[in-house]
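Numbered from 1 within each chain, the chains take letters A, B, ... in sequence-line order. Keep in mind that the numbers below use all heavy atoms, side chains included, and drop hydrogens, waters and symmetry copies.
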Amino acid sequence: MYRHENQIKASRTADEVQSSSAQIVASIDDLLKEILLRLPIKSLIRFKLVSKQWHYLISNPRFYSKGIRIAHSCNGLLLCSSFQARDNNQTYYVYNPTTNKFPILPKLDVGDGISPRIHGMSLAFDPAKSFHYKVVCVQGLRLDMVGYQYECEVYSSKTGSWRKCGEPLTAHVNFEDGVYWNGAIHWNNNGTGRDSLYFNIGNQMLRIMPIPPIDWDCINNYYFGESFDHLHYIKIVGLELHFDVYEMRRDYSEWFIKYNVDLHLLLVLILR
Amino acid sequence: MVTTDEKGPLTAKKKSVIIRSCDGDEFLVSESAAVLSTSLKKILEEKEDRLIHLSDIDNKTLAMVIAYLSTHADDGLSDDLKRSFDQEFVSGKEFDVLKYLVLATDTLQVTCLCYTVAKKMADIMKNKLVEWVRREFDIQNDYTPEAEAEIRRLDAWAWDDRQLEDD
């Protein structure tokens, strides 16, 4: 008789587990966070030196938050969730401070087994165009030690339901802190030199975009955001008072330098 | 090989499930213990079949997780006893063993065990050198010496007197 076996989906083989449990633990950000959260602050600060990925995880303010968290915000709407790093099935709701309403989003079908798991949730809302909003959810399926296969799902407040979108894409990206601009959500990868991606809500395509042409090694801080319909990237190096403001071209061909800002002049004015 | 869990031979009434490790060992586990794993619970809800194959958990690790699940599913044990079991469970375990365990808790989605193991790993790590951490997690240093010096300089207070360990 044919006996059907239930197999918990896992993309790694036994050999991989044998040889690189360490690498796998280190590559699962959620798992790593669970360990790092339990370290004393002094150890945590020292471990920023382990690698750029660790530096990013530890420096991210979201790392320290507990309870309810704001997952994302866009033009006055807030996307909130119950915060539990390892919960695949948390509740998301969209809070509108002007109406004081917070409709709960329908639960996503996150499948069985370990993955897929939600890697990021972003709001897309432009009150100038429509009072309806969309929520883009990125789910990731672990492929191997470092790679994920990502798929987007879009919630529309108009239809009140989720819909799977576009083709899956393999990449190594952090899908927190998406920025809405030009009808798309953009994810930049702070200093890790990983891919930067954007998801166009109109044509439902997930695409790679250029990363800013800067030296990733010396970045301690950065700003990535939209302002007056332009997408900007600002790098802040150490305690230097000079920084460049980059802007992305609307066709995604390149980042160009928009301003060179030198705060030494300001310093001179203050000290005078 | 079929190994019964700690509660001895199973009666006909009590539902059980067979879990097979990636290296082929099979474990007979009560359903009440299995469902403490969110992943196993989902499978059991969806399908009638009672054999679950775990393609990425070895027998040693699986035996540990099952011992944990069985203890926590035992209604006869008080919460205090379960807590002291948890302490006992991770004490003296090597970092390497904990790495496999924490991965297994990820696959099987056993949140409380994940927290216990993560805490133990953090306790071991807290006074270690950065080099030790890189070695244990198999991480390449991707900083330039200049960037490394700059980060040390900015957080100098964290690098003071402390005697850090490398083993």
Side-chain angles (χ1 to χ4, degrees), chain A residues 3-14 16-18 20-28 30-55 84 86-89 111-114 192-193 215-220 237-239, chain B residues 20 22-23 38-40 42-44 46-47 49 51-58 96 99-100 102-103 105-109 111 114-115 118-119 121-123 125-130 133-144 146-148 150-155 157-159 162 164:
Chain A
R3 190 171 193 193
H4 177 77
E5 282 185 24
N6 293 302
Q7 182 161 348
I8 290 197
K9 194 166 170 42
S11 36
R12 42 197 147 97
T13 67
E16 272 171 357
V17 173
Q18 292 301 335
S20 56
S21 64
Q23 271 181 316
I24 298 170
V25 175
S27 75
I28 305 171
D30 283 349
L31 212 46
L32 200 52
K33 273 189 219 167
E34 291 299 340
I35 300 166
L36 296 179
L37 270 170
R38 289 167 173 78
L39 283 167
I41 188 78
K42 229 172 176 177
S43 314
L44 210 49
I45 299 296
R46 284 200 310 274
F47 291 163
K48 284 203 253 178
L49 209 57
V50 169
S51 72
K52 290 177 192 170
Q53 182 206 6
W54 283 46
H55 191 294
Q84 243 197 317
R86 312 205 35 69
D87 188 354
N88 225 350
N89 215 10
D112 56 347
I114 23 167
T192 55
D215 177 13
W216 295 100
D217 274 332
C218 46
I219 297 224
N220 301 117
V237 180
L239 301 171
Chain B
R20 185 195 289 161
C22 66
D23 31 17
T38 309
S39 313
L40 296 179
K42 262 186 202 159
I43 289 180
L44 292 172
E46 281 165 16
K47 296 180 183 143
D49 203 69
L51 175 66
I52 298 172
H53 180 54
L54 299 172
S55 63
D56 60 352
I57 302 179
D58 63 275
D96 228 31
K99 278 185 282 193
Y100 288 116
V102 85
L103 276 176
T105 68
D106 183 60
T107 304
L108 293 170
Q109 293 186 341
T111 314
C114 173
Y115 293 167
K119 175 83 179 82
M121 291 175 86
D123 285 346
M125 286 162 69
K126 65 183 177 194
N127 290 331
K128 300 291 188 194
L129 286 170
V130 167
V133 175
R134 284 192 195 126
R135 215 165 43 233
E136 282 297 324
F137 285 95
D138 208 354
I139 293 170
Q140 291 294 318
N141 177 9
D142 54 1
Y143 288 115
T144 60
E146 294 77 30
E148 205 166 315
E150 172 72 0
I151 292 170
R152 269 180 194 269
R153 193 179 62 77
L154 289 172
D155 296 317
W157 63 275
W159 297 90
R162 197 187 288 258
L164 300 172

K.L.:
For B:Glu146, which atoms come within 4.5 Å of any heavy atom of chain A: side chain, backbone, both, or neither?
P.N.:
neither

K.L.:
Keeping B:Arg134 on the side-chain end and B:Val130 on the backbone end, is there a donor-acceptor pair under 3.5 Å?
P.N.:
no

K.L.:
Just verifying a value: how many Å separate B:Gln109 CD and B:Lys42 NZ, rounded to the nearest 0.5 Å?
P.N.:
5.5 Å

K.L.:
Working note: B:Cys22 + B:Asp56, criterion side-chain contact (heavy atoms from CB on, under 4.5 Å); need CA distance, chi angles, decisive distance, verdict.
P.N.:
CA-CA 6 Å; B:Cys22 66; B:Asp56 60 352; 5.8 Å; no

K.L.:
Hey, which of B:Arg152, B:Met121, B:Glu148 has the most heavy atom pairs under 4.5 Å with chain A?
P.N.:
B:Glu148

K.L.:
I'd like to verify something: which residue of B:Val102, B:Leu129, B:Asp123, B:Asp96 has the highest number of heavy-atom pairs under 4.5 Å with chain A?
P.N.:
B:Val102

K.L.:
Has A:Arg46 got a side-chain atom pairing as donor or acceptor with B:Asn127's backbone, closer than 3.5 angstrom?
P.N.:
no

